[in-house]
Amino acid sequence: MKTNSVHPKFVLGFPPESARHMSGWITGEALQFSHTCRKISHLARIPLSVVLVCVFGIGIRPCYSASGQQPYDLAVCVRMAFASSPSIQAAEADLQIAENRLMQVNAARFPSMDFTWIFGPSPEARGDALTGVSNWRRMSVFSRTELSLVQPLFTFGKLAAAVEAASGGIGAQRAGLDGSRFDLEQQVARAYYLLLLANRLRSLANESRAEIQTARRTIVQKLEADTGDFTYTDLHRIDRFVYDVEENANKVVKSQGLASSALRILMGLSRSDSLVLADGSLKPVDVQIRPLEYYLSLAEGRPDLGQIREGLRVRSAQVRAIRTDLFPQVFLAGRFKYGFAPNRDRQRNPFLKDEFNVTELGAVLGFRQSLSFASTRAKVKEARLAYEKLSYQARLATHGARLEIESAYLSLIEARANIGSARKARRATRRWFVSARDGFNAGLEEAGEIVDAVKEYGIIRAKYYQAVLEFNLAWVALMRATGNSILE
């Protein structure tokens with residue numbers, strides 16, 4: 001019989017520190033939950049070595065509820081995240097602020113009015129400007145009412161430009177809200193599919209562990225019977241393999257707990273709330289993949305590009321608003337003022353004025369003109385340059401968006417091809433595993449052969465589910481890149 005040696009550094013097909021990569025990856029995801037602005041980035045990939053650890057993740061438990069609670073599917077998880085996410089609430093507040101600014105601008109079309117009413121002590125005063133006498137020992141109370149208004153008549157487009165800028169601000173904030181929702185969808189989907197992967201790999205881990213334990217019992221029985229089929233070296237080889245399995249699985253248990261906590265945080269659940277996933281297994285999303293050109297044509301629907309378009313609209317309106325300072329602002333102003341003091345004689349002379357007894361009413365037509373023409377022209381130029389700069393950034397963002405769509409699309413195609421290849425390899429390794437198991441049970445194969453067979457069979461099945469995970473995440477990334485919701 002052929003003697004196979006099992007080297008510790010190749011056990012499970014990955015270095016022991018790979019599980020720590022997954023822990024760091026999930027922790028990084030949790031730190032990104034508070035981001036409200038999305039930048040162009042490529043699809044994050046879970047290290048394959050992590051998935052190989054999960055195959056033998058002894059102790060990993062799926063999130064099942066003992067209370068029989070209704071399970072959560074992806075759509076429910078996303079909607080719960082929408083309802084509880086601080087980033088969504090902040091984006092909604094920004095939208096309401098922008099809408100309020102438009103209300104303020106529209107209010108500028110109507111007269112601005114000020115009303116004042118005062119009262120206070122009034123010393124007695126009798127007579128006129130020539131014979132008037134005041135007596136501070138005899139006091140009374142006076143009151144005065146003032147009303148003033150200013151109505152813009154012609155602003156050379158300043159108000160219209162202000163309304164246009166405020167409307168563009170609303171559009172930009174609405175696009176920002178959509179972008180925050182898409183970002184949150186992607187985060188929830190990533191955590192959801194990762195938990196599905198862990199739940200599925202748990203059953204694979206139990207199968208692998210059962211096969212190894214069966215092999216160990218067979219060796220022990222043969223050694224006790226002293227049949228000569230196996231040696232203590234075979235038993236030690238099996239025990240060494242189980243140790244590495246459990247050591248790396250302990251690291252994965254921590255990472256899986258972080259993923260579960262991350263999904264709870266996104267959904268607004270507490271640690272005491274049960275989390276039951278509706279999908280029993282990780283499966284490829286049922287979608288029809290269209291040609292790349294179709295997805296590239298959807299780039300204009302992205303929220304970030306929509307924000308830039310609305311920003312250009314705002315910049316253009318700002319240029320027009322600043323330019324109106326070169327022209328006068330025509331307005332109508334009116335004023336009413338009435339004061340009464342019972343212990344003072346009213347003055348009938350139009351050239352005399354008594355603030356205690358007064359009656360005024362009038363309206364004027366006027367205009368206001370800024371004479372800082374050089375400064376205004378410099379401001380107009382600065383605003384125009386800001387508009388041009390944003391237009392250049394819009395072109396750059398469009399190129400980046402198309403590249404992001406293509407990257408997500410190619411990742412989707414790659415993952416689909418990997419799924420097909422993994423299916424074929426899974427069938428081949430299963431035949432190898434069955435052959436090695438039967439040979440081992442018959443005493444024709446050494447422990448190293450069954451260890452290798454169990455290990456490779458578990459690895460290829462893990463690679464299949466890794467490809468499924470990458471396929472689903474690539475689809476989510478493609479939907480995000482094209483400005484579409486995964487709930488549609």
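Fair warning: this is a prediction, and the values are worked out from it, not measured in the lab. In this chain, numbering begins with 1 at the start of the sequence shown. Quick note: numbers below take in every heavy atom, side chains included, and nothing from hydrogens, waters or symmetry partners.
Two residues are said to be in side-chain contact when any heavy atoms from C-beta on lie closer than 4.5 Å; E164 and S316 fail this criterion. Side chains of D273 and M267 form no contact here, defined as non-hydrogen atoms less than 4.5 Å apart. The side-chain heavy atoms of D325 and K158, taken from C-beta on, include a pair separated by under 4.5 Å. Y193 has its side chain within reach of L74: a pair of non-hydrogen atoms, C-beta onward, lies under 4.5 Å apart. Considering only heavy atoms from C-beta on, L275 comes within 4.5 Å of L195 through its side chain. With contacts defined as side-chain heavy-atom distances shorter than 4.5 Å, the pair V188/L263 qualifies. Using a 4.5 Å cut-off on side-chain heavy atoms (C-beta onward), V150 and D114 make no contact. Using a 4.5 Å heavy-atom cutoff, the side chains of Y465 and S281 are in contact.
If you check the side chains of R402 and T398, you find no donor sitting under 3.5 Å from an acceptor. Using modelled atom types and a 3.5 Å distance limit, the side chains of T324 and R320 yield no donor-acceptor pair.
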Kindly indicate, with the supporting measurements, whether the criterion side chain to side chain contact (heavy atoms under 4.5 Å, CB included) is fulfilled by S411 and E470.
CA-CA 8 Å; S411 297; E470 292 180 352; over 6 Å; no

Side chain to side chain contact (heavy atoms under 4.5 Å, CB included) evaluation trace for E185 with V476
CA-CA 8 Å; E185 280 185 5; V476 173; 5.9 Å; no

Where do V330 and L365 land on the side chain to side chain contact (heavy atoms under 4.5 Å, CB included) test, with the steps shown first?
CA-CA 8 Å; V330 183; L365 181 68; 4.2 Å; yes

Step-by-step side chain to side chain contact (heavy atoms under 4.5 Å, CB included) determination, L95 to I170
CA-CA 6 Å; L95 178 58; I170 292 177; 4.0 Å; yes

Side chain to side chain donor-acceptor pair (under 3.5 Å) between R395 and S391: does it pass, once the steps are laid out?
CA-CA 6 Å; R395 292 169 56 186; S391 65; over 6 Å; no

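Applying the side-chain hydrogen bond (donor to acceptor under 3.5 Å, both in side chains) test to every pair with at least one member in residues 360-384, sequence neighbours left out, gives no pairs at all. Applying the side-chain hydrogen bond (donor to acceptor under 3.5 Å, both in side chains) rule to pairs touching residues 130-149 yields D128-T131, R144-E146, sequence neighbours excluded. Sorted by first and then second residue, the pairs that involve residues 334-354 and meet side-chain hydrogen bond (donor to acceptor under 3.5 Å, both in side chains), not counting sequence neighbours, are S122-N343, R126-D345, K337-E355, R344-D354, K353-E355. Applying the side-chain hydrogen bond (donor to acceptor under 3.5 Å, both in side chains) definition to pairs two or more places apart or across chains, none involves residues 169-179.
Judged by distance alone, the side chain of R309 and the main-chain N or O of E300 form a donor-acceptor pair under 3.5 Å. A distance-only check finds a donor-acceptor pair linking the side chain of S297 to the backbone of Y294 [under 3.5 Å]. Looking at Y409, its side chain does come within 3.5 Å of a backbone N or O of R290 through a donor-acceptor pair. In this structure a side-chain-to-backbone donor-acceptor pair under 3.5 Å is present from S180 to G176. Checking side-chain atoms of Q187 against main-chain N and O of L266 turns up no donor-acceptor pair under 3.5 Å. One N or O on the side chain of R302 and one on the backbone of A481 form a donor-acceptor pair closer than 3.5 Å. N106 places a side-chain N or O within 3.5 Å of a backbone atom of L102 that can act as its donor or acceptor partner. The closest donor-acceptor contact from the side chain of Q329 to the backbone of L153 lies at 3.5 Å or more, if one exists at all.
Nearest heavy atoms, P284 versus F471: CB-CD2, 4.0 Å. Taking each heavy atom of G306 and A175 in turn, the nearest pair found is C-CB, 4.2 Å. Between L312 and Y387, the closest heavy-atom pair is O-CE1, 3.3 Å. Nearest heavy atoms, S274 versus L269: O-CD1, 4.3 Å. The two residues V314 and A165 have their closest heavy-atom pair at CG2-O, 3.4 Å. Closest of all the heavy-atom pairs between R480 and G179 is NH2-O, 3.8 Å.
To the nearest 0.5 Å, the span separating CG on L194 from CG on N472 amounts to 12.0 Å. Taking CG from L177 and CG from D94, the interatomic distance works out to 9.0 Å, rounded to the nearest 0.5 Å. Going from atom CZ of F340 over to atom CG of N357 covers 6.5 Å, rounded to the nearest 0.5 Å. Interatomic distance, T155 OG1 to R109 CZ, rounded to the nearest 0.5 Å: 8.0 Å. To the nearest 0.5 Å, the span separating CG on L149 from CG on L332 amounts to 7.0 Å. Note: R101 CZ to Q104 CD = 8.0 Å, rounded to the nearest 0.5 Å.
Remark: E92 engages R181 in a salt bridge, criterion side-chain N to carboxylate O under 4.0 Å.
Residues satisfying the ring pair (Phe, Tyr, Trp, His ring centres under 6.0 Å) test with F327, not counting sequence neighbours, are F156. Taking the side-chain contact (heavy atoms from CB on, under 4.5 Å) definition, one finds that T482 meets it with Y295, L298, I405, L478, M479, N484, sequence neighbours left out.
More than 12 non-hydrogen atoms from other residues, nucleotides or ligands lie less than 6.0 angstrom from CZ of F373.
W117 and F115 have their aromatic ring centers separated by at least 6.0 angstrom.
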